[in-house]
Amino acid sequence: MCFGYVGEAALRRSLVEKGAPRRHVLRGAAAGVAAVGVAGGLAAGAGAAAAAAPGERPVERRGHSRQRSVPHDRISIQLYTLRAALGGQPGFDVVLQRLAQYGYEKVELAGYYGRTATELRRFLRGLGIKATSSHDGISATPAALSTKLENAAILGQRYVVVPYLNSATRADWERWADQMNAEARQARRWGLHYGYHNHAHEFTTDLGGGVTPWEILMERLDPRLVHLEVDLYWAFTAGVNLGVADPDRFAIDVVRRAPLRVRQFHVKDRDAQTGDMADLGTGVVDFPRIFRSHTVEEYIVENDNPDVSPLTSAAVGHLYLDHLDY
């Protein structure tokens, strides 16, 4: 990482010291990252991550641990986390350069920020980053669907994901499921996997007779064509909203019981006091427990409302996953 030793050392301790309350240490580390690195210490280069602070033992890296780790090349970030910085200051180019410095090799797109697919692919390739996934709504017309899939193919994506649907009417969910199946059939012809990203309301909305949107989707979506990108914050939150005793178990059951394949996780934490989204490692979601239950192809960092700043959230998220043994 590129933000010096203060935040780096605190984050390491939070991951290797059994006695320390991890969320407290990570909150302090996030503040250290913001003060030391995101503000101006990026030039040190990624090599700073491998060095221990003075007097500190180096963290045991993957390949030397008996526990499993999140593979470095499966870590991504949903760029919606960084929307304020991408569209404002420091701007798209600088933000993506910093993501590369933090160690990200993959991103999930949420818009092109004024570039064509070809221009964006060229820019990302120069940084050593690949856009492997994107959030794209259901297409309004066949022409819009064709453009969406062609752009994804140009970018070299593996996945296209529907990010959000919401209605209290059963017929809407049935119609959407049928349309997603049809779009996914077209996506396959472009060599793309087509997915759906959940929130909490799919599990809690009563469409009549106790039937939920999630039940409609799981019954109607074709598992040969559509996969799931499970947002762990929202699955956990749905468990909380439903009053279950163990929201982590609820999230695990969402994954295990789904007839559709879960290929991607949105890795997003939850604050213990407020229930709001939180930077990774500072909240109450038990990611190691969930990761032990199911392995995915992408672990996508996300925080819709970053605790300190978008770039701090991105830096802390990558470092958390890259050092997490479970």
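Worth knowing before you read on, the calculation uses all heavy atoms, side chains too, and leaves out hydrogens, waters and symmetry mates.
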Heavy-atom side-chain proximity of L96 to I129 below 4.5 angstrom: yes
Going by heavy atoms in the side chains, are D136 and V162 under 4.5 Å from each other? no
Six-ring centre of Y112, R115 cation under 6.0 angstrom, axis tolerance 45°: no
So, taking the atom named CG in N151 and the one named CZ in R121, what distance separates them when rounded to the nearest 0.5 Å? 12.0 Å
OH (Y326) and OG (S293) are apart, to the nearest 0.5 Å, by 9.5 Å
Mind listing the closest non-hydrogen atom pair of A117 and L155 along with its distance? O-CD2, 3.5 Å
Is any side-chain heavy atom of Y113 less than 4.5 Å from a side-chain heavy atom of L109? no
Spacing of CZ belonging to F203 relative to OG1 belonging to T237, to within rounding of 0.5 Å: 10.5 Å
Go through the steps for T132 and E108 under the test side chain to side chain donor-acceptor pair (under 3.5 Å), then give the verdict. CA-CA 6 Å; T132 55; E108 183 176 53; over 6 Å; no
Do I77 and K106 have side-chain heavy atoms sitting under 4.5 Å apart? no
Are a donor atom and an acceptor atom from the side chains of E150 and T147 found within less than 3.5 Å of each other? no
Ionic contact status for E298 with R158, cut-off 4.0 Å: no
Salt bridge or not between R220 and D178? Use side-chain N to carboxylate O under 4.0 Å. yes
Please check: side-chain N/O of T205 versus main-chain N/O of H201, any donor-acceptor pairing under 3.5 Å? yes
Does D304 come within less than 4.0 Å of K268, counting only side-chain N to carboxylate O? yes
Ring centroid separation for Y104 and H318, is it under 6.0 angstrom? yes
Roughly how far apart are S133 OG and Q157 CD, rounded to 0.5 Å? 6.5 Å
Residue among R185, Q186, Q179 satisfying side chain to side chain donor-acceptor pair (under 3.5 Å) with E183: Q179
Tell me the closest heavy-atom pair linking V244 and V240, and the distance in Å. CG2-N, 4.5 Å
Are the side chains of Y194 and M180 in contact, using a 4.5 Å heavy-atom criterion? yes
Count the heavy atoms belonging to other residues, nucleotides or ligands that lie under 6.0 Å from NZ of K130, then report whether that count exceeds 12. no
Nearest heavy atoms of T212 and E215, plus distance in Å: N-OE1, 2.8 Å
Evaluate side chain to side chain contact (heavy atoms under 4.5 Å, CB included) for V230 paired with L232, printing each intermediate quantity in order. CA-CA 6 Å; V230 172; L232 297 177; 3.9 Å; yes
Can you confirm whether L149 sits close enough to V160 that some side-chain heavy atom of one is under 4.5 Å from a side-chain heavy atom of the other? yes
Where does the angle between the aromatic ring planes of Y164 and H199 fall among parallel (under 30°), tilted (30 to 60°) and perpendicular (over 60°)? perpendicular
What's the shortest heavy-atom distance between P259 and P223, and which atoms? O-CB, 3.5 Å
Within this structure, what is the CG-CG distance for the pair L221 and L228, rounded to the nearest 0.5 Å? 7.5 Å
Geometric cation-pi criterion, R263 with Y159: 6.0 Å, 45°: no
Please table the atom pairs, donor to acceptor, closer than 3.5 Å between any side-chain atom in residues 284-291 and protein atoms at least two apart or in another chain.
unit_1, atom_1, unit_2, atom_2, d
D286, OD1, R289, N, 3.2
R289, NH1, D246, OD1, 3.1
R289, NH1, D246, OD2, 3.2
R289, NH2, D246, OD2, 2.8

Parallel, tilted or perpendicular: rings of H193 and H227 (30°, 60°): perpendicular
Do I216 and E174 have side chains that get closer than 4.5 Å, going by heavy atoms? yes
So, are R175 and D172 salt-bridged, with charged N and O less than 4.0 Å apart? yes
Nearest-0.5 Å distance, CZ of residue F250 to CG of residue N241: 9.5 Å
Report yes or no: does D269 contribute a side-chain atom to a donor-acceptor pair with the main-chain N or O of L280 at less than 3.5 Å? no
Under 3.5 Å: donor-acceptor pair, side chain of R83, backbone of Y80: yes
Using only atom types and a distance under 3.5 Å, with no angle test, would you say the side chain of R188 pairs donor to acceptor with the backbone of R224? yes
Quick one: do E105 and R74 make a salt bridge, cutoff under 4.0 Å? no
When you look at T81 and Q78, which way does the side chain to side chain donor-acceptor pair (under 3.5 Å) test go after all the steps? CA-CA 6 Å; T81 299; Q78 166 52 247; over 6 Å; no
Using side-chain heavy atoms (C-beta onward) and a distance below 4.5 Å, is D276 in contact with N305? no
Shortest non-hydrogen contact between V226 and N181, atoms and distance: CG2-OD1, 3.7 Å
Answer yes if the side chains of D279 and T282 hold a donor-acceptor pair under 3.5 Å, and no otherwise. no
What pair of heavy atoms forms the shortest contact from E202 to Y196, and how long is it? OE2-OH, 2.6 Å
How are the rings of H135 and H266 set relative to one another: parallel (under 30°), tilted (30 to 60°) or perpendicular (over 60°)? parallel
Return yes if some donor-acceptor pair links the side-chain N/O of W173 with the main-chain N/O of S167 below 3.5 Å, else return no. yes
